[in-house]
Amino acid sequence: MQPVDKYEQDRRAKMAKLAELGIDPFGQRFPDRQYIGQVRALWKDEYGEEGPAVRVAGRVMARRDMGRVTFFDIQDWTGRIQLFVGKKQVGEQGWAIAKLVDLGDFLGCDGRLGKTKTGELTVFATALHFLTKSLRTPPAKWHGLRDVELRYRQRYLDLIYNPESLRTALRRTRIVTKIREFLAERGFVEVETPTLHTIAGGAAARPFITHHNALDIDLYLRIALELHLKRLLVGGIERVYELGRVFRNEGISTKHNPEFTMLEVYQAYADYTDMMELTESLICALLDMLAEDGLPLERSARGGWLLRFGDLQLDMTRPWPRRPYADLFREHVGVNVDDVAALKRKAREIDFDPEGKHPDVIVNELFEELVEPKLTGPVFVVDYPASLCPLTRRKRTNPRWAERFELFLAGMEIANAYSELNDPLLQEELFRKQLEGLPEEESMARMDEDFVLALKTGMPPAGGLGIGIDRLVMVLLNQPSIRDVILFPLLRPRRLQYDVSTVGQVAEERSEQRAERHGGS
RNA sequence: GGGGGUGUAGCUCAGCUGGUAGAGCAUCGCACUUUUAAUGCGAGGGUCCAGGGUUCGACUCCCUGCGCCCCCA
């Protein structure tokens, strides 16, 4: 049971008084109310004292008592507006309600739109409707809710009292909506594939394990969407995507949440160059939408959008640079990818033990360590070492490399795309071949016989793309932590408050002990 | 896993070299029909994250643990 503190007791008392007045403290439907944002837009200076009649509702964010008048500021998800509530204007019942209103309660109000002496747009109330009691004290009105832990654990408080948090949350949903619209316009269909997998394939990550009782088998929460969507390509669904949650049982950081949202798109008769065009077009469409939505974006000298992320500035003007993996490697590591002796030397410099490891495992480590952080971007890193890409088509001109790109923004991997491997015999071989020195959870090579069977049926040549939606939103909305773009990030569970029954006791014992000690000295 | 920071009233934060915890907002009471971080006067409110130690005495010093944040692996 939650403790009832003195503040809650005050509010419960007011709740009871409302009930005595015949008012339900938890309200009822309030039809035909107008959004505050729309009401604010109604105002014209010609109205003078007599504006239109309006009906608004929202949460009480501030109250200012002036004797027989009270000003309330109420807030809905479109904005805030001031109410002028005069004793004479709202009558005995209305005034009785006004007296019992606390910060955080929900009020409905009928009135006329007008301006006060000081020019503040105001609803001059003719009737007040009590809609819901809040039993908790709100945070400080000026400083808001700063404590990050509270903001994450009780996100609803964050959304109410930090307007930028609500704005970010709503912008994220608009981004997701826009992605669906964009893909629909290009003829893609959205599907849903299983979350519970018998083989955790399609990416290199450690899975969450769960158990199905009736079948008595262990199952994995999916770590990627890839293998089911490709089965659908085999089945003739030629342009397909899924936007869904994937789960990786790994560390938590400003860039990692154990569950996150992934978009995967597959297009038959295309390859990774088509996916590059798709990625660029999609992200630029999102930027256009956000700019229209009021996100403060500047134009770069080259005509595209200029995106700020922390101290970084990303010039999003198309086309974005395409840089071969091997070139970037040579540039930032100072070593050729095929110079094994030099690779080992470099590996030791960054405290990575290269012994017994496949040269490309070393290359991968050096790339992640020394190259990726430098990739402010936007930049498409193209053509990855084939040995690291068991699901990707090899380059026809040189099988040393795979037709894969990753998009980097602000040093973060945002997108990953392939020309999809559709050769079932090579696929089967690659599933079997575990690279030396690569721990299993870091390998994508996990035998999936059913998937190989699907490929044997024939999968059309195709391009595939994965985008990490949370990270993309971080970059687009300039949010430094993934927890700021996920409404309920994973935190270690914690008891909210202590057991009430012991509180008074402990406090009493404490002060007695204290008195004894000091008294005795 | 390692390092750094942090945890004090509902919220935002002070609290020095150890001596029974402070402010602002919020709450409660009074006044006020054009305020807007309203104002004026008055009042109440604390497991100082938890457990142990040192001490006559610990929010403060020491040890252990826990939550959260940041950096590194």
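A, B, ... follow the sequence lines: proteins, then strands. Residue 1 opens every chain. Note that these values count all heavy atoms, side chains included, but never hydrogens, waters or copies made by symmetry.
- Counting any heavy atom pair closer than 4.0 Å across all strands shown, A:Asp147 reaches sugar-phosphate atoms only and no base atom.
- With the nearest nucleotide of RNA chain B identified for both A:Ile350 and A:Asp10, A:Asp10 has the one nearer the 5' end.
- Note on A:Glu369: only backbone sugar-phosphate atoms sit closer than 4.0 angstrom, heavy atoms only; bases stay farther off.
- Residue contacts shown for A:Thr254 are limited to sugar-phosphate atoms, with no base heavy atom under 4.0 Å away.
- OP1 and OP2 of B:C11 both lie 4.0 Å or more from every side-chain N or O belonging to A:Arg146.
- Separating the CG atom in A:Leu21 from the NZ atom in A:Lys99 is a distance of 13.0 Å, to the nearest 0.5 Å.
- Spacing between atom CD of A:Glu368 and atom P of B:A73 amounts to 12 Å, rounded to whole angstrom units.
- When distances are taken from the side chain of A:Ala140 to each of B:U12, B:A37, B:U35, the shortest belongs to B:U12.
- With B:C68, B:U12, B:U33 as the candidates, the nucleotide lying closest to the side chain of A:Lys88 is B:U33.
- When distances run from any side-chain atom of A:Pro138 to the nucleotides B:U35, B:A26, B:U33, the shortest one goes to B:A26.
- Sequence neighbours left out, the pairs with a member in residues 341-370 of chain A that pass ring-ring contact (aromatic ring centres under 6.0 Å, His included) are A:Tyr325-A:Phe367.
- Atom-to-atom, CZ of A:Arg492 to P of B:C69 comes out at 11 Å; the value is rounded to the nearest Å.
- For A:Tyr220 and A:Phe208, the distance between ring centers is not under 6.0 angstrom.
- Using C1' as the reference atom, B:U55 and B:C63 are 16 Å apart when rounded to the nearest Å.
- Base pairing annotation: B:U64 forms a Watson-Crick or G-U wobble pair with B:A50, both donor-acceptor distances under 3.5 Å.
- Between A:Asp76 and A:Arg33 there is a salt bridge, since at least one side-chain N of the basic residue sits less than 4.0 Å from a carboxylate O of the acidic one.
- Residue A:Asn162 contributes atom CG, which lies 14 Å from atom P of B:C11 at whole-angstrom precision.
- In this structure, B:G42 and B:C28 make a Watson-Crick or G-U wobble pair, each of the two defining distances being under 3.5 angstrom.
- Residue A:Lys115 contributes atom NZ, which lies 15 Å from atom P of B:U35 at whole-angstrom precision.
- The base of B:U35 is paired with the side chain of A:Gln82 by a donor and an acceptor separated by under 3.5 Å.
- A:Tyr152 comes within contact range of the sugar-phosphate backbone alone, with a heavy-atom separation under 4.0 Å but no base atom that close.
- For B:U35, its base sits under 3.5 Å from the side chain of A:Thr116 at one donor and acceptor pair at least.
- By the 4.0 Å N-to-carboxylate-O rule, A:Lys374 lies too far from A:Glu331 to be salt-bridged with it.
- For B:C68, the OP1/OP2 oxygens have a side-chain nitrogen or oxygen of A:Arg153 closer than 4.0 Å.
- Spacing of P atoms, B:A31 relative to B:C16, comes out at 42 Å, to the nearest Å.
- Taking atom C1' on both nucleotides, B:U27 is separated from B:G57 by 34 Å, rounded to a whole Å.
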What pairs of donor and acceptor atoms, side-chain ones from residues 339-346 of chain A against any protein atom, are under 3.5 angstrom apart with sequence neighbours left out?
{"from": "A:Asp339", "atom 1": "OD1", "to": "A:Ala342", "atom 2": "N", "distance (Å)": "3.2"}
{"from": "A:Lys346", "atom 1": "NZ", "to": "A:Glu349", "atom 2": "OE1", "distance (Å)": "3.3"}

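- In this structure, A:Arg12 and A:Leu135 have side chains that are in contact, with non-hydrogen atoms separated by less than 4.5 Å.
- Comparing B:C61 with B:U54, their C1' atoms are spaced 8 Å from each other, to the whole Å.
- In this structure, A:Asp351 and A:Ser481 both approach RNA chain B, and ranking their closest nucleotides by distance from the 5' end singles out A:Ser481.
- In this structure, CD of A:Glu149 is placed 12 Å from P of B:C70, rounded to the nearest angstrom.
- Each of B:U12, B:U35, B:C28 was ranked by its minimum atom distance to the side chain of A:His143; first place goes to B:U12.
- Counting only heavy atoms from C-beta on, A:Tyr7 has its side chain closest to B:G44 among B:C69, B:G67, B:G44.
- Nearest to the side-chain atoms of A:Arg68 among the listed nucleotides B:U35, B:U27, B:U33 stands B:U33.
- A sub-4.0 Å separation between OP1 or OP2 of B:C70 and a side-chain N or O of A:Arg483 is present.
- Atom pair A:Phe72:CZ and B:A38:P shows a separation of 13 Å (rounding to whole Å applied).
- With A:Phe260 as the aromatic partner, A:Arg471 does not meet the cation-pi criteria of under 6.0 angstrom to the ring centre and within 45 degrees of the ring axis.
- The CG atom of A:Asp158 sits 15 Å away from the C1' atom of B:C69 (whole-angstrom rounding).
- Separating the C1' atom of B:A14 from that of B:U60 is a span of 14 Å, rounded to the nearest Å.
- At B:C28, one or more side-chain N or O atoms of A:Lys14 fall inside 4.0 Å of OP1 or OP2 (strictly under the cut-off).
- Candidate nucleotides B:C69, B:A26, B:U35 were compared by shortest atom distance to the side chain of A:Leu103, and B:A26 ranks first.
- Taking atom P in both B:G15 and B:U8, one finds a spacing of 14 Å when rounded to whole Å.
- The P atoms of B:C41 and B:C25 are separated by 11 Å, rounded to the nearest whole Å.
- With B:U33, B:G24, B:A37 as the candidates, the nucleotide lying closest to the side chain of A:Lys141 is B:A37.
- Nearest to the side chain of A:Phe84, among B:U35, B:U12, B:U34, sits B:U34.
- Rounded to a whole angstrom, the distance from the P atom of B:C11 to that of B:C72 is 32 Å.
- For A:Asp353 and B:A73, the CG to P distance is 16 Å, given to the nearest whole Å.
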